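Every chain is numbered from 1, with letters handed out A, B, ... down the list of sequences. Note that the structure is predicted; figures quoted are calculated from it, not measured.
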Amino acid sequence: MLAWILRLLRGLGPGRRDPVHAALARYGKQPGPRETIRLIQAYVEARDLTKALQVAKAGFQRFPRSARIRSYYLSIRKQKSSSEIHALRRAIASEPRPDLYARLGEIYRYLGDNEMALETAHEGVKQFPNADGNYLTIGRIHYALFTKSRSGRDGLRASKYLERALEISRNNYKTLFFLANLYGIVGAKGRALPLLDRILGFAPDDSRARELREMVSGLPEEPLDDLADYFQRYEGRQKGWEEVKTSAYARILEDPGALASKLGELGRIPGVEGVIVLDPSGNVLAAAPEDGRHLGPSLHSMIESARRSTKRMSIGVFERGLVLGTGWHAYLHDMDSYGLFIFGGKDARPELVERKVASVIHEGLPNLELAGR
Amino acid sequence: MKRILEELNEHGGVRGSMVITQDGIMVCDALGPDLEEDVVAALASSMIMSMRRGLKAMGYDDNLCEYVLDASDGKMVFLDMGNAFLVVVLSRNIRLNTTLVEIRSAAYKIKHRRVA
């Protein structure tokens, strides 16, 4: 993938100036997060959004924990889509059609703006209740929320809208596939297989449907009466999951040497008085200063409360929190179920702490799952 | 108070707001259709209490002036108004710096309106 990008980018036109060339040379030598960001910035300044987006997308795949790269990726995607968004809005205002709402909702969903996507799609459903596209958009958003939150509520909402889309259009591939996948995830084998058979009925060579059918067929037979029970069972199993995920954070945070080095860097932020890292079970992995270890249970309770609440309020998965008190600040970060706490006086400026956490913890953590392929 | 919350909700990206007492009793709410009052009040109260316990254990005073929470699909802001909290649920992509100004302004109006 990297070699492909470099070949593509070397086809620079005659108008290109040094900033892009210099950034490309640095990126070519060492394509780390900083070099990726500089190259994106160079292309943006050169107004080449197409290449900026290509680099940002590749960077996001290689460094999914980099908040800055993610931010650039989403922002550039949004800029590139803005002219189509304006055209669709004008078209809807003059002559609304269900496919226009569906397309606009899909663009917002693609851009990660779930709120606008849902608002558009719900409006489309209200205006055109017998068109399937908007139900599909809503269903896909709740499906994506479900895969992150693992909340039965999100999953049930996804199934409700996808089923409605299916009632209207029986052989829509996307609806059938997402619904089958959803049912497969929660072990509703008897519901998933007929949907996949329907796809294979009109697209017998579809490899995705075949592979999914094979996986679903291999699931154990654990039928339940009600659809809601499948989602409830699934959610219960996720909560009882004992195995620690092998994540990029685990590889760093469970390595005492790497962890001590990162804690040292965070501890040197002006105004910071203490840093504590908890593992997913709430045990203190490291604390600076050491006498902060006794805070483990209280901090675990704080972050668990935040995790539960964000899930139940359907605002997704808890990522970070900033608490301001009289003369002190406290920061909470969730890193794949590990917890990072930084606390200090009011000199510990939020923007500086965030930047440091991003560079020390998030950036430079490659996607180890991708690297292992 | 409801009018102040509704004016706050008119700002882009605000999904709903409510005022709860320090004990988690809801005083007033203006929540969007996808937010359930009882659930939000109970969860907000639980978060504030666990936060205070943690802060006390850390040796800080438990006067929580402001708590901003980021999640993958939204944000929440808790603002201490003395005897009550203003709780605001926001969408993910909101510009927090400018919205916080509006939220603090709403809290000021509610607090002084109550005193009056």
Side-chain angles (χ1 to χ4, degrees), chain A residues 74-75 78 111-116 118-119 122 141 144-145 148-149 154 157 273-274 276 292 294-330 332-334 341 343-345 350-351 354, chain B residues 12-16 18 24 31-80 87-97 100 104:
Chain A
L74 292 177
S75 159
K78 196 168 181 176
L111 294 176
D113 191 342
N114 282 347
E115 198 198 337
M116 280 307 299
L118 284 171
E119 190 181 301
H122 275 292
I141 290 169
L145 289 172
K148 277 191 246 177
S149 69
D154 286 330
R157 274 194 191 145
E273 293 168 0
I276 293 180
H294 70 283
L295 299 171
S298 306
L299 297 179
H300 185 60
S301 167
M302 277 163 69
I303 203 169
E304 278 296 304
S305 172
R307 284 171 182 151
R308 271 196 309 272
S309 301
T310 53
K311 214 191 239 193
R312 290 211 39 209
M313 281 195 262
S314 295
I315 54 170
V317 176
F318 171 70
E319 290 182 347
R320 70 179 74 83
L322 166 61
V323 193
L324 303 178
T326 42
W328 54 263
H329 294 163
L332 298 71
H333 284 258
D334 182 289
F341 298 85
F343 38 96
E351 60 278 9
E354 285 303 317
Chain B
V14 177
R15 289 170 57 184
M18 67 179 356
L31 293 172
D34 56 338
L35 297 168
E36 297 167 38
E37 300 140 15
D38 295 341
V39 171
V40 176
L43 293 171
S45 164
S46 154
M47 282 168 68
I48 291 166
M49 284 197 280
S50 75
M51 185 62 61
R52 283 194 147 138
R53 274 197 299 271
L55 293 167
K56 234 175 171 172
M58 281 195 266
Y60 292 119
D61 65 78
D62 60 354
N63 274 339
L64 215 138
C65 298
E66 208 171 275
Y67 177 22
V68 179
L69 184 153
D70 270 353
S72 53
D73 292 301
K75 298 183 200 296
M76 283 186 77
V77 174
F78 299 76
L79 222 63
D80 190 350
V87 181
V88 186
V89 184
L90 307 158
S91 63
R92 164 82 184 176
N93 297 320
I94 199 164
R95 282 181 182 273
L96 198 56
N97 287 343
L100 270 175
R104 288 172 189 145

To the nearest 0.5 Å, atom CZ of A:R320 lies from atom CG of B:D70 at 5.0 Å
Could you measure the distance from the CG atom of B:D73 to the CD1 atom of A:I141? Nearest 0.5 Å is fine.
9.5 Å
Inter-residue atom distance A:H329.NE2 - B:C65.SG, 0.5 Å rounding:
9.0 Å
B:A71: what forms a side chain to side chain contact (heavy atoms under 4.5 Å, CB included) with it, not counting sequence neighbours?
A:T310, A:I315
Any chance you could measure A:E115, atom CD, to B:L90, atom CG, to the nearest 0.5 Å?
9.5 Å
For a 4.5 angstrom cut-off between non-hydrogen side-chain atoms, does A:V323 reach B:M51?
yes
Any side-chain heavy atom of A:L322 within less than 4.5 Å of one from B:Y67?
no
A:F343 portion near chain B, given a 4.5 angstrom heavy-atom threshold
both
One should read off an interatomic distance between B:M49 CE and A:S301 OG, to the nearest 0.5 angstrom, of 10.5 Å
Working to the nearest 0.5 angstrom, can you tell me the gap between B:M76 CE and A:S309 OG?
7.0 Å
Would you mind checking which part of A:E273 comes under 4.5 Å of any heavy atom in chain B, side chain (CB onward), backbone (N, CA, C, O), both or neither?
side chain
Mark yes or no for whether B:S72, through its side chain, and A:V317, through its backbone, hold a donor-acceptor pair below 3.5 Å.
yes
For A:H300, is it the side chain, the backbone, both or neither that has a heavy atom under 4.5 Å from a heavy atom of chain B?
neither
